[in-house]
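What follows is one structure encoded as structure tokens, with my remarks underneath.
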Amino acid sequence: MNDINSDRADDVGARQERLLALLRELERDGLLILDPVNFAWFTGGATAKGVLDPADHPAIYLQNSQRWLLCSNVDTQRLFDEDLDSLGFQLKEWPWHWGRSQLLADLCHGKKVASDLPYAECAAAGEQVRGLRRALNASEQARLLEIGRAAGHALEATCRNLERGESEEEIVGQLAHRLVHHGLEPLTIQAAADGRMRGYRRPGATTAKIERTCVIQTTARKWGLHVTASRAVSFGPPDDEFRKAMDAACRLTAVQIAGSTVGADPAFTMRVAQQIIESAGFEHEWRLAPVGWVTGYAPIELSLAPQGSHHPPVRIQTAGQAPPEGPAVSLEAGWALTWQGSVGAAACADTMLVAESGPQVVTPAELWPLKRIRVSGMLVERPNILVR
């Protein structure tokens, strides 16, 4: 993306104006950005690398028209060389052996400061910042599409080249290599051989060998943005059980994608999809794993469920109680959604954008067999089983 740096400069300036308006509303002098997710959002994708202690993570301080990077001397040069050059940041640096706490204390002394994470006497601003970052602008959407294509390519190449008898762990290693080769950071990679997903909806990866089928799913990140996708492979024609489960998973996600229009209620769409797979004989499958969430700079910005939505972490529910009702949500242009159909041993997951022109999948199938499903007049393409 040739103009990514100019886009980022414009984005940073626009975000600072929105945050300064928030400060005026909160009647505060300055804003601390301590959350790594908000750090990536505000900087247009800058990320700290190799920071093991959250208290060592670089931060940002905003006041009036000025913006400062607060950073350990270990990370300053790389951040400016690779991410922040020409973006208008000044620097307040701490020596690595001093730690960040004294710099933050000095910065906040005598000022009325807000913070996106709990800190000292700062006013809480985390929820307001979360709301500002959820809708992706045009340049962010373009980056997300690029990330999605790269992730889908790596995922499908892995599926086309895996061999019968390889272990789930070997397959995960191959996909991780391809993702990193494309500049993506794999957050999670899961592989389920020969129906293991039937018992474990978050299967991870084991030494189990692939003999007949494998379902692979990954969540990957670049420029601070996240995409999730899955694909399914069968050596030889799949048996009826696996084929039926995959068909239901594809239909589930097709309904959810088709219903992901501006202003739509995702909880209603999920209830419709739920009824469809129940009619196919999979009455309880949707209860066994999450089926959708808003994504973006956080892997999960907002969890979606048939009874409403909630921010992580979820509220505690006592056994036997009805599920808690979440607040109603209307989808907005620029939101990124991940829809995941998990049925029996099969899964079908992709990330998409809510756009004024209609739903757009950002992890589309590249060279892959497709199942074309018509939903309320819309033709939705879902990745089917690759038979090898």
Side-chain angles (χ1 to χ4, degrees), residues 133-156 184 187-188 217-232 249-274 276 286 289-306 309 329-342 347-366 368 370-384:
R133 75 176 187 233
R134 190 172 296 145
L136 306 180
N137 64 25
S139 60
E140 291 169 314
Q141 292 178 40
R143 291 172 215 159
L144 192 74
L145 289 166
E146 184 173 332
I147 298 164
R149 286 190 293 267
H153 177 86
L155 181 58
E156 293 180 11
L184 276 64
L187 267 68
T188 65
Q217 182 163 320
T218 185
T219 297
R221 173 172 62 198
K222 187 175 183 180
W223 297 310
L225 296 166
H226 299 80
V227 299
T228 297
S230 74
R231 298 292 185 265
C250 288
R251 290 185 181 280
L252 174 66
T253 54
V255 171
Q256 292 167 332
I257 290 170
S260 299
T261 57
V262 176
D265 175 6
F268 173 78
T269 300
M270 296 169 80
R271 291 193 293 271
V272 172
Q274 171 188 329
I276 288 175
W286 69 272
V291 294
W293 54 89
V294 181
T295 189
Y297 282 95
I300 298 180
E301 292 280 2
L302 190 66
S303 293
L304 302 175
S309 64
V329 168
S330 295
L331 299 181
E332 298 180 21
W335 283 17
L337 305 179
T338 293
W339 290 120
Q340 173 181 262
S342 175
C348 181
D350 277 302
T351 298
M352 54 151 297
L353 278 168
V354 180
E356 295 288 353
S357 57
Q360 181 178 14
V361 175
V362 302
T363 51
E366 186 179 48
W368 201 262
L370 298 174
K371 183 178 287 293
R372 294 176 172 86
I373 301 168
R374 190 167 294 278
V375 182
S376 300
M378 180 185 298
L379 188 64
V380 182
E381 294 183 339
R382 304 305 299 127
N384 205 347

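Given the structure is predicted, the values throughout are model-derived calculations rather than measurements.
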Within the side chain of E366, is there an N or O that forms a donor-acceptor pair under 3.5 Å with the backbone of E156? no

Closest heavy-atom contact between L353 and G334? CD2-O, 4.2 Å

Strictly distance-based, threshold 3.5 Å: is any side-chain N or O of T218 a donor or acceptor partner for the main-chain N or O of T188? yes

Say you draw a straight line from OG1 of T228 to CG of L337; how long is it, rounded to the nearest 0.5 Å? 11.5 Å

Scanning both residues in full, the closest heavy-atom pair of H226 with T351 reads O-CG2, 4.5 Å

List the steps and the verdict of side chain to side chain contact (heavy atoms under 4.5 Å, CB included) for Y297 and E140. CA-CA 10 Å; Y297 282 95; E140 291 169 314; 2.7 Å; yes

Has the side chain of S342 got a donor or acceptor atom that lies under 3.5 Å from a matching backbone atom of A347? no

Would you say the side-chain atoms of W368 pair up with the backbone N or O of N384, donor to acceptor, closer than 3.5 Å? yes

Please lay out, stage by stage, how E381 and R372 fare under the test salt bridge (charged side-chain N to carboxylate O under 4.0 Å, His left out). CA-CA 5 Å; E381 294 183 339; R372 294 176 172 86; 3.1 Å; yes

For the residue pair G341 and A249, what are the closest heavy atoms and their distance? O-CB, 3.6 Å

Checking Q141 side chain against L136 main chain: does a donor-acceptor pair fall under 3.5 Å? yes

Answer yes or no: is there a side-chain heavy-atom contact under 4.5 Å between T269 and S260? no

Main-chain N/O of G377 paired with R374 side-chain donor or acceptor, under 3.5 Å: yes

Test log, rule side-chain hydrogen bond (donor to acceptor under 3.5 Å, both in side chains), inputs Q340 and Q256: CA-CA 9 Å; Q340 173 181 262; Q256 292 167 332; over 6 Å; no

Over all atoms of both residues, closest heavy-atom pair of W339 and L304: CH2-CD1, 3.9 Å

